[in-house]
Chemist: 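This is the structure, below, for whatever I ask next.
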2 protein chains.
Amino acid sequence: MPKTVLSEAQEDYLKQILLLSPSASETPEGPGDPVSTQGLAERLGVRPASVTGMLKKLSELRLVEYEPYRGVRLTESGHKVALEVLRHHRLLETYLHQALGYGWEQVHAEAERLEHHISEAFEQKIAEWLGHPERDPHGDLIPTVELALPKNAQAKKLLAVVAGKTATIVRVATQDTGSLNLCTRLKLKPGSVLAVLEHQLEGVRIQVHQDHFLLPSSLAELLWVVEA
Amino acid sequence: MPKTVLSEAQEDYLKQILLLSPSASETPEGPGDPVSTQGLAERLGVRPASVTGMLKKLSELRLVEYEPYRGVRLTESGHKVALEVLRHHRLLETYLHQALGYGWEQVHAEAERLEHHISEAFEQKIAEWLGHPERDPHGDLIPTVELALPKNAQAKKLLAVVAGKTATIVRVATQDTGSLNLCTRLKLKPGSVLAVLEHQLEGVRIQVHQDHFLLPSSLAELLWVVEA
DNA sequence: TGCAAGGTTTAGGCATGCCTAAAACAGTTC
DNA sequence: GAACTGTTTTAGGCATGCCTAAACCTTGCA
Ligand SMILES: [Mn+2]
Ligand SMILES: [Mn+2]
Ligand SMILES: [Mn+2]
Ligand SMILES: [Mn+2]
């Protein structure tokens, strides 16, 4: 056990290291690939110099392994903390959506703050109320109570689906309010079934329900699907 | 408008000034009686010197009127902020109790943190879900959306009820887990009807449901009732 | 009126977490 | 292998909010 309680900033750093480290967030085990100071600075909205300072502190707490100029990766205990925060975040998003009627474009901002301030009792209560959900409103996987992050088995990017195939959206990989609102209008959300008609330079022509249209690459990029 | 966003510490100071100022928390209007540095220090769990520092800052923000050696009182805008925080707190307690099944002895600690981190949208959602309740689980009055604190009309302390009378508990004035658990076991909660049998030195002999027993003054002190 | 006691403020410090500017480094390119 | 470029770290600062110790008021009681 490193420390009884970490600051909000420390928790956000750890969570962001997890999210930036593909092999740590996409697969369940292991410390993940090293993450750069600059990458963290951009995601956290602070300057690189501030990141360096925090990494030193987290390193002393044995929550990360930090090699100057080489990047950071989570230690075993840092990984646990990051998953705990991520679980709070995604459970909260799901609860706000299901229990309180928040739109899926609104949940992220509220969860981003609350994730640091709810107790384990609160986590437990909402997880039970929700029936221990697997995914949040955007289709992101929720770490389990045991802090295992299930893997996204057969999910692939929409752009990797060949024309003629049908697929079901499982994940919309953004928190951007504008994009999410657009997706809502186009009926593109987890569970939606679509047919890939044709790939073009500017995007993919698809059919959803009765509509068909050209989905710009910028949006198509965000969609993860499983083929029917 | 003093400032877009206040710190958690600032909000707690303002709320505590409100709660310590009888005429401000028991009656709806006015700035209330001045509150002492030491009183605040005790309630907030900090040293008096720290309080002095914060009062200077709040005074510059025009949230309080602070006269060195004389005490503080809330300004109009400080009063609004304090009521907003108090509304968050009491709505949260009520929601945790009703929607998530928290015991009334557990709600305070959770609400104490969350009150600073929920959005106005969240406040609105839970207020609606609850049907705009008047009181929290302890019987404390919840400030309205317009930030008016209703007054506790005919409520009086149990100790002021003469023997032979019957009364209904409207408020249990503590957040102490032990006392609240004890009250639970004795079936002393808002809504409970009791008969005052006899006043003694060590407390009051009362009857609740089928039981009658001597209620020690320390507990009796906490009970506010309306006579039947 | 004078003083002691208790409450309050000032002075000086510490930790956190952010910033800018400047120095140091790593990886690539000639 | 030296220079360039972009990244990262160091150095120095600022704001917040807490602390202790010491000086300072205010009061109430001789
Ligand atoms: Mn966060
Ligand atoms: Mn999400
Ligand atoms: Mn609080
Ligand atoms: Mn209460």
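Predicted model only: the values in this text are computed from it and were never measured. Throughout, protein chains are lettered first and strands after them, A, B, ... in sequence-line order, and every chain is numbered starting at 1.
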Chemist: Counting side-chain heavy atoms from C-beta on, which of D:dA21, C:dT8, D:dT7 comes nearest to B:A49?
Modeler: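 My answer, after comparing the listed nucleotides, is D:dA21.
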Chemist: Counting side-chain heavy atoms from CB outward, which of D:dT9, C:dG17, D:dA21 is closest to A:S7?
Modeler: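 Nearest listed nucleotide: C:dG17.
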Chemist: Using a cut-off of strictly less than 4.0 Å, decide whether B:K56 has a side-chain nitrogen or oxygen near OP1 or OP2 of C:dT9.
Modeler: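 No, B:K56 has no side-chain N/O under 4.0 Å of OP1/OP2 on C:dT9.
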Chemist: Taking 4.0 Å as the cut-off, does a side-chain nitrogen or oxygen of B:Y13 come that near to OP1 or OP2 on D:dC18?
Modeler: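 Result: yes.
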Chemist: Taking the six-membered ring of B:Y102 (Phe, Tyr or Trp), confirm whether the NZ or CZ of A:K125 is under 6.0 Å from its centre and within 45° of its axis.
Modeler: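 Judged by the rule (NZ or CZ under 6.0 Å from the ring centre, within 45° of its axis), A:K125 counts as positioned above B:Y102.
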Chemist: Under 4.0 Å between any heavy atoms, over every strand shown, what does B:P48 touch: base, sugar-phosphate, or nothing? Just pick one.
Modeler: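 If one applies the 4.0 Å heavy-atom cut-off, B:P48 turns out to touch a base.
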Chemist: Can you tell me if B:R47 touches the phosphate of D:dC18, counting only side-chain N or O atoms and a distance under 4.0 Å to OP1 or OP2?
Modeler: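 No.
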Chemist: In chain order, what residues pass the ring-ring contact (aromatic ring centres under 6.0 Å, His included) check against A:H88, with sequence neighbours excluded?
Modeler: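 Partners of A:H88 by the ring-ring contact (aromatic ring centres under 6.0 Å, His included) criterion come out as none, since no residue qualifies.
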Chemist: What nucleotide among D:dT9, C:dG17, D:dT27 has an atom nearest to a side-chain atom of A:K57?
Modeler: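 Given the options D:dT9, C:dG17, D:dT27, the side chain of A:K57 is closest to C:dG17.
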Chemist: Is the distance between the ring centroids of B:H117 and A:H116 under 6.0 Å?
Modeler: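 No, the ring of A:H116 stays outside the 6.0 Å limit from the ring of B:H117, centre to centre.
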Chemist: Could you work out which one of D:dT9, C:dC18, D:dG17 sits closest to the side chain of A:S50?
Modeler: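 Among the listed nucleotides, the one closest to the side chain of A:S50 is C:dC18.
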Chemist: Kindly point out which of C:dC18, D:dG17, D:dT20 is positioned nearest to the side chain of A:M54?
Modeler: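 Selected nucleotide (nearest to the side chain): C:dC18.
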Chemist: Is there a side-chain contact between A:T37 and the phosphate of D:dT9, meaning an N or O under 4.0 Å from OP1 or OP2?
Modeler: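 Affirmative; the distance criterion is met.
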Chemist: NA contact type, B:T52, heavy-atom cut-off 4.0 Å: base, sugar-phosphate, or nothing?
Modeler: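 Here B:T52 touches the bases of the nucleic acid.
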Chemist: Which nucleotide wins on minimum distance to the side chain of B:Y69, given the candidates D:dC24, D:dT27, D:dT9?
Modeler: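 Of the candidates, D:dC24 comes closest.
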